[in-house]
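Some notes on the structure that comes next.
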Amino acid sequence: MSPFAGRRIVLGVTGGIAAYKAVEICRRLVEAGAHVTPVLTEAARRFVGEVTFSALAGERARLSLFEDEDPIPHITLGRRAELILVCPATARAIGAYAAGLCDDLLGATLLATRAPVVVCPAMHTEMWEHPATGDNLRRLTERGVTVVAPEEGPLAGGDVGAGRLAAPESILATAAEALAASGAAAGSMAGLRVLVTAGGTREPIDPVRFVGNRSSGKQGYALAVEAAARGAKVTLVATVQRPLPESVGPESVDLVLVETAEEMRTALADRLPADVVLMAAAVADYRPAAAVPEKMKKTGEPLTVTLEPNPDILAELGRSGSVGTLVGFAAETSDVLANAEAKLRTKGADLIVVNDVSAPRSGFDHDTNAVTILAAAGDRTTIPLAAKRDVARAILDRVTALRASR
């Protein structure tokens with residue numbers, strides 16, 4: 001069966017000379033059994049006609065946010081789509097998408113969807129090689145957008161060089177892979193009880209001061225959202241409250257707010273057993289031996305605070321026998337893999353996810369991360385710099401594969 005059979009695909013067409021090639025893409029998708037909704041920008045209509053796409057798709061081509069019987073066409077299209085394929089994608093369209101601009105139907109639909117997005121750039125070589133284009137594409141790939149790189153060949157005006165729209169076979173193969181990856185993940189954790197921790201613990205010195213760290217909780221929240229999207233029953237034990245996407249509400253993720261390591265320890269213990277525990281929180285290694293009940297006043301003299309070790313929650317979970325698959329996290333700045341391997345050996349975890357938080361745009365408070373997943377069996381999986389939601393997908397893919405192998 002065709003990978004496109006029965007799938008709902010929005011085909012976005014922007015205003016470049018390669019727009020005529022989108023007609024062939026539309027035809028092939030329809031022949032493969034897809035339900036295609038063409039969305040043309042105003043500039044695209046200067047190169048190709050909407051009647052052509054309407055006739056091929058068997059569905060009216062959509063042109064505007066404001067000339068439609070549907071009062072919110074971008075929301076309807078974004079929610080129904082199983083894939084959005086932008087072919088061709090001009091430099092302007094790529095820049096607008098990267099910046100979050102949505103002044104036309106296609107731009108608004110791209111922001112209103114949770115479906116995978118495949119972008120197929122096509123432009124003159126000078127535009128393709130401009131730093132702004134590269135920056136915009138990197139930003140999109142970090143958010144999980146798939147880019148089908150253009151090829152070298154004849155361009156408009158008799159020029160030859162990089163920037164020619166990729167061949168239809170390459171575009172359709174990439175679209176099929178994006179659909180397959182999306183479909184494989186959906187429901188892969190259905191019915192599983194998943195505990196996720198997020199954020200850095202705060203260990204009080206007095207009512208206004210604490211021992212803590214720089215963790216923002218973004219990676220833990222991304223894991224919780226992705227696990228819920230895969231059908232898991234998720235409890236998120238966090239030290240910070242961050243917004244959840246509209247598609248993942250309180251009925252999908254049970255949020256439990258804590259502050260200290262001891263509170264996190266208790267919250268987790270109360271919710272065991274669990275099929276999967278993802279310890280993404282940065283738990284402070286030490287806490288003040290005794291918190292002062294009132295704010296300490298500045299005296300100008302040196303201050304000594306006696307610290308004592310916090311409980312090793314990860315190691316306790318590894319010994320508990322109440323966790324099906326245990327995933328620990330390690331934030332390192334030197335000897336990254338060696339330290340992670342030592343943690344894997346001593347904590348009883350099935351997987352350790354390690355990142356170098358001193359690396360650019362990786363780790364605390366960034367929207368991106370780069371990690372290596374180490375397994376007790378000895379194998380490693382490296383995830384290059386990507387959006388934290390994409391890192392979460394890779395981690396949960398590894399968890400799913402590990403559970404299936406047992």
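Treat the numbers as computed from the prediction; the structure is a model and nothing was measured. No hydrogens, no waters, no symmetry mates; every other heavy atom, side chains included, goes into these values.
Gln219 places no side-chain N or O within 3.5 Å of a backbone atom of Ala280 that could act as its donor or acceptor partner. Under a 3.5 Å cut-off, the side chain of Thr239 and the backbone N or O of Gly200 do form a donor-acceptor pair. Between the side chain of Glu82 and the backbone N or O of Leu179 there is no donor-acceptor pair closer than 3.5 Å. Asn310 places a side-chain N or O within 3.5 Å of a backbone atom of Ala284 that can act as its donor or acceptor partner. Of the possible donor and acceptor atoms, none in the side chain of Thr333 sits under 3.5 Å from a partner among the backbone N and O of Ser358. Checked by atom type and distance alone, the side chain of Asn355 never pairs as donor or acceptor with a backbone atom of Val357 at under 3.5 Å. Checking side-chain atoms of Arg143 against main-chain N and O of Ala98 turns up a donor-acceptor pair under 3.5 Å. For the pair Ser54 (side chain) and Ala61 (backbone), a donor-acceptor distance under 3.5 Å is present. Side chain of His124 to main chain of Glu126: no donor-acceptor pair is present (N/O by atom type, distance under 3.5 Å, no hydrogens or angles). Here the side chain of Thr125 pairs a donor or acceptor atom with the backbone of Ala162 at under 3.5 angstrom.
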Yes or no on side-chain contact (heavy atoms from CB on, under 4.5 Å) for Leu192 and Thr400, after CA distance, side-chain angles and deciding distance?
CA-CA 11 Å; Leu192 296 183; Thr400 300; over 6 Å; no
For Val283 and Asp312, run side-chain contact (heavy atoms from CB on, under 4.5 Å): C-alpha distance rounded to whole Å, both residues' side-chain angles, the deciding distance at 0.1 Å, then the answer.
CA-CA 9 Å; Val283 180; Asp312 191 333; over 6 Å; no
Carefully, step by step, assess Lys388 and Glu226 under the rule salt bridge (Lys or Arg N to Asp or Glu O under 4.0 Å).
CA-CA 10 Å; Lys388 286 188 172 177; Glu226 181 62 23; over 6 Å; no
Begin from the C-alpha positions of Arg242 and Ser216 and carry the test side-chain contact (heavy atoms from CB on, under 4.5 Å) through to its verdict.
CA-CA 9 Å; Arg242 306 189 66 84; Ser216 63; 4.3 Å; yes
What's the verdict on salt bridge (Lys or Arg N to Asp or Glu O under 4.0 Å) for Asp104 and Arg62, showing C-alpha distance, side-chain angles and the deciding distance?
CA-CA 11 Å; Asp104 60 16; Arg62 314 295 276 277; over 6 Å; no
Does Leu85 form a side-chain contact (heavy atoms from CB on, under 4.5 Å) with Leu29? I'd like the steps, not just the answer.
CA-CA 11 Å; Leu85 175 62; Leu29 287 171; 4.2 Å; yes
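Ionic pairing of Glu24 and Lys21 is not present here: no N-O contact between side-chain nitrogen and carboxylate oxygen is shorter than 4.0 angstrom. A salt bridge does not link Arg398 to Asp350: none of the charged side-chain nitrogens sits closer than 4.0 Å to a carboxylate oxygen. With salt bridges taken as basic N to acidic carboxylate O contacts below 4.0 Å, one links Arg45 and Glu42. At a threshold of 4.0 Å, the pair Asp254-Arg193 does not count as salt-bridged, since none of the basic side-chain nitrogens sits closer than that to a carboxylate oxygen.
No option in Leu195, Ile395, Thr197 other than Ile395 meets the side chain to side chain contact (heavy atoms under 4.5 Å, CB included) test with Leu278.
Of all heavy-atom pairs between Gly191 and Asp275, the closest is O-OD2, 4.3 Å. Nearest heavy-atom pair, Met127 versus Thr133, reported as atom, atom and distance to 0.1 Å: O-OG1, 2.8 Å. Shown here for Thr113 and Gly78, the closest heavy-atom pair between the two residues is OG1-O, 2.8 Å. When all heavy atoms of Val354 and Ala340 are compared, the pair lying nearest together is CB-CB, 3.7 Å. Residues Pro88 and Ala122 come closest through the heavy atom pair CB-CB, 3.8 Å. Across Leu223 and Leu396, no two heavy atoms sit closer than the pair O-CD1, 4.0 Å.
Other residues, nucleotides and ligands contribute only 12 or fewer heavy atoms inside 6.0 Å of the CZ atom of Arg202. Annotation for Asp367: atom CG does not count as buried by contact number, only 12 or fewer foreign heavy atoms lying within 6.0 Å. Surrounding CZ of Arg92 are at most 12 heavy atoms belonging to other residues, nucleotides or ligands under 6.0 Å away. Heavy-atom neighbours of Glu308 CD from other residues, nucleotides or ligands within 6.0 Å: above the threshold of 12. For Arg60, the CZ atom is densely surrounded, since the number of other residues' heavy atoms within 6.0 Å is greater than 12.
Side chains of Thr325 and Arg406: a donor on one and an acceptor on the other come within 3.5 Å. No hydrogens or angles considered: a donor-acceptor pair under 3.5 Å links the side chains of Thr76 and Asp70.
To the nearest 0.5 Å, the span separating OG1 on Thr109 from NE2 on His74 amounts to 7.5 Å. Atom CD in Gln241 sits 5.5 Å away from atom OH in Tyr221 (nearest 0.5 Å). Atom CD1 of Ile373 is separated from atom CG of Leu344 by 12.0 Å, given to the nearest 0.5 angstrom. A distance of 5.0 Å separates SG of Cys102 from CG of Leu111, quoted to the nearest 0.5 Å. For the atom pair CD1 of Ile205 and CG of Leu303, the computed distance is 7.5 Å after rounding to the nearest 0.5 Å. Summarising the geometry, atom CG belonging to Leu56 is positioned 13.0 Å from atom CZ belonging to Arg28; distances are rounded to the nearest 0.5 Å.
Residues His35 and Arg80 fail the side-chain proximity criterion, which asks for heavy atoms closer than 4.5 Å. For the pair Leu63 and Leu105, the minimum side-chain heavy-atom distance is 4.5 Å or more. When side chains are defined from C-beta on, Pro154 counts as touching Arg164, because their heavy atoms get closer than 4.5 Å. Between Val276 and Arg403 the shortest side-chain heavy-atom distance falls below 4.5 Å. You'll find the side chain of Leu165 reaches within 4.5 Å of the side chain of Ile171, heavy atoms only. At least one side-chain heavy atom of Arg393 sits under 4.5 Å from a side-chain heavy atom of Arg230. For the pair Val234 and Ser252, the minimum side-chain heavy-atom distance is 4.5 Å or more. Counting only heavy atoms from C-beta outward, the side chains of Tyr286 and Val211 never approach each other to under 4.5 Å.
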